[in-house]
Colleague: 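I have a structure I would like to understand better, so I am pasting it below and will then ask my questions one at a time.
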Amino acid sequence: MGRAPNTTAPDAATTGPAASALIDQRIADLGDWRGQVLAQVRQLIHEAAPGVVEEWKWRGTPVWSLGGILCTGESYKAAVKLTFLKGAALPDPARLFNASLDGNTRRAIDIHEGDTLPADAFRALIRAAVDLNALGSSKARKGRAPGHTGSAA
């Protein structure tokens with residue numbers, strides 16, 4: 001599977017409005033079903049996690065974060081791949097995960113031309129990822145020394 005041409009990739013990680021503009025450009029550059037899928041996924045992520053932060057990392061990968069990375073959205077010639085970094089720890093009753101199933105932590109959803117992503121199940125998966133990140137953040141805060149004011153990272 002060849003990766004889509006990447007004409008909008010700066011070398012450094014970008015967040016906020018600049019990252020959102022780069023994701024807009026990626027969707028426009030794709031100009032086919034992959035751009036439509038990426039736009040749909042992005043909309044569903046924002047619906048499920050209104051405070052989500054858009055990032056642009058690793059020389060051209062859209063990333064959605066809230067308390068940590070929720071998922072990435074890569075576009076290839078034959079698929080859009082949504083990788084959940086903590087996917088193995090997420091409930092997936094609708095069995096959306098169909099790729100990277102043999103790893104210990106990651107899980108992915110490969111969407112091919114003509115596939116339909118069940119919106120309600122995907123939003124539930126995003127909310128579960130947000131909850132998992134929040135749980136990890138609260139554990140990290142509990143483990144800090146009294147009076148510690150720095151980040152948990």
Side-chain angles (χ1 to χ4, degrees), residues 1-137 151-153:
M1 235 179 332
R3 187 156 186 170
N6 187 0
T7 59
T8 58
D11 288 338
T14 306
T15 61
S20 294
L22 289 168
I23 295 170
D24 288 341
Q25 187 62 50
R26 168 62 54 81
I27 290 167
D29 286 349
L30 288 168
D32 60 11
W33 65 270
R34 296 169 301 163
Q36 293 169 359
V37 166
L38 199 56
Q40 175 198 20
V41 164
R42 182 189 204 187
Q43 178 64 38
L44 292 173
I45 291 169
H46 280 275
E47 289 171 9
V52 72
V53 175
E54 293 189 323
E55 300 175 279
W56 186 264
K57 295 185 177 193
W58 308 298
R59 295 184 177 219
T61 302
V63 177
W64 291 275
S65 299
L66 189 58
I69 293 176
L70 301 173
C71 71
T72 66
E74 297 177 271
S75 50
Y76 296 92
K77 187 174 182 179
V80 172
K81 179 182 280 294
L82 308 172
T83 302
F84 287 73
L85 273 60
K86 300 176 185 175
L90 297 175
D92 183 22
R95 298 183 181 259
L96 296 179
F97 292 131
N98 60 8
S100 303
L101 300 175
D102 47 355
N104 290 331
T105 56
R106 289 184 308 140
R107 293 288 182 272
I109 302 169
D110 283 356
I111 304 169
H112 300 92
E113 188 171 10
D115 288 352
T116 301
L117 182 66
D120 290 340
F122 184 72
R123 282 189 293 259
L125 193 61
I126 291 293
R127 285 190 293 270
V130 169
D131 291 346
L132 182 61
N133 283 350
L135 180 62
S137 295
S151 71

Colleague: For the residue pair Q40 / Q36, report whether a side-chain donor-acceptor contact shorter than 3.5 Å exists.
Modeller: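 No - no donor-acceptor pair under 3.5 Å links their side chains.
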Colleague: Check whether R107 reaches the backbone of L96 with its side chain - one donor and one acceptor, N or O, closer than 3.5 Å.
Modeller: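 Side chain of R107 to backbone of L96: no pair is present.
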Colleague: For F97, does its backbone N or O pair with a side-chain atom of D92 as donor and acceptor, under 3.5 Å?
Modeller: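 Checking the backbone N and O of F97 against the side chain of D92, a donor-acceptor pair under 3.5 Å is found.
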Colleague: Considering all heavy atoms of both residues, which atom of I126 and which atom of C71 are nearest to each other, and what is their separation?
Modeller: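 Taking I126 first and C71 second, the nearest heavy atoms are CD1-SG, 4.2 Å.
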Colleague: Give me the atom names and distance for the closest heavy-atom approach of K77 to W33.
Modeller: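 Taking every non-hydrogen atom into account, O-CZ2, 4.0 Å.
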Colleague: I would like to know whether I111 and V41 meet side chain to side chain contact (heavy atoms under 4.5 Å, CB included); could you show each step before the answer?
Modeller: CA-CA 10 Å; I111 304 169; V41 164; 4.2 Å; yes
Colleague: Going from OG on S100 to CG on L85, what distance comes out if it is rounded to the nearest 0.5 angstrom?
Modeller: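 Answer for the OG-CG pair, S100 versus L85, is 10.5 Å.
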Colleague: E54 and W64: side chain to side chain donor-acceptor pair (under 3.5 Å), yes or no, with the steps?
Modeller: CA-CA 5 Å; E54 293 189 323; W64 291 275; 3.0 Å; yes
Colleague: Of all the heavy-atom pairs spanning A78 and H112, show the shortest one and how long it is.
Modeller: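 Closest pair (atom of A78, atom of H112, distance): O-CD2, 3.0 Å.
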Colleague: Check L132, I69, L70, T105 against K86 for a side chain to side chain contact (heavy atoms under 4.5 Å, CB included) and give me the one that passes.
Modeller: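 The side chain to side chain contact (heavy atoms under 4.5 Å, CB included) with K86 is passed solely by L132 among L132, I69, L70, T105.
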Colleague: Evaluate side chain to side chain contact (heavy atoms under 4.5 Å, CB included) for L125 paired with I109, printing each intermediate quantity in order.
Modeller: CA-CA 11 Å; L125 193 61; I109 302 169; 3.9 Å; yes
Colleague: Checking R34 against V37 for the side chain to side chain contact (heavy atoms under 4.5 Å, CB included) test, could you report, in this order, the C-alpha distance in whole Å, the side-chain angles of both residues, the deciding distance, and whether it holds?
Modeller: CA-CA 5 Å; R34 296 169 301 163; V37 166; 5.7 Å; no
Colleague: Mind listing the closest non-hydrogen atom pair of R123 and A48 along with its distance?
Modeller: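 R123 and A48 have their closest heavy atoms at O-CB, 3.5 Å.
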Colleague: Can you give me the closest heavy-atom contact between L44 and A119, atom names plus distance?
Modeller: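 What the structure gives for the nearest pair is CD2-CB, 3.8 Å.
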Colleague: What's the separation between atom NZ in K81 and atom CG in N98, rounded to the nearest 0.5 Å?
Modeller: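 Going from NZ on K81 over to CG on N98, the span is 7.5 Å.
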Colleague: Any idea which heavy atoms bring T14 and A19 closest together, and the distance?
Modeller: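 Shortest heavy-atom separation between T14 and A19 comes out as O-CB, 3.4 Å.
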Colleague: Nearest 0.5 Å, please: how far is CG in D29 from CG in D24?
Modeller: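 Going from CG on D24 over to CG on D29, the span is 10.5 Å.
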Colleague: Enter the distance from S20:OG to Q25:CD here, rounded to the nearest 0.5 Å.
Modeller: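 Those atoms lie 13.0 Å apart.
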Colleague: Could you state the interatomic distance from CG (L38) to CD1 (I23), rounded to the nearest 0.5 Å?
Modeller: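 Between L38 CG and I23 CD1, I get 7.5 Å after rounding to 0.5 Å.
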Colleague: Measure the CZ-OG1 distance between R26 and T61 for me, rounded to the nearest 0.5 Å.
Modeller: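 The CZ atom of R26 sits 7.0 Å away from the OG1 atom of T61.
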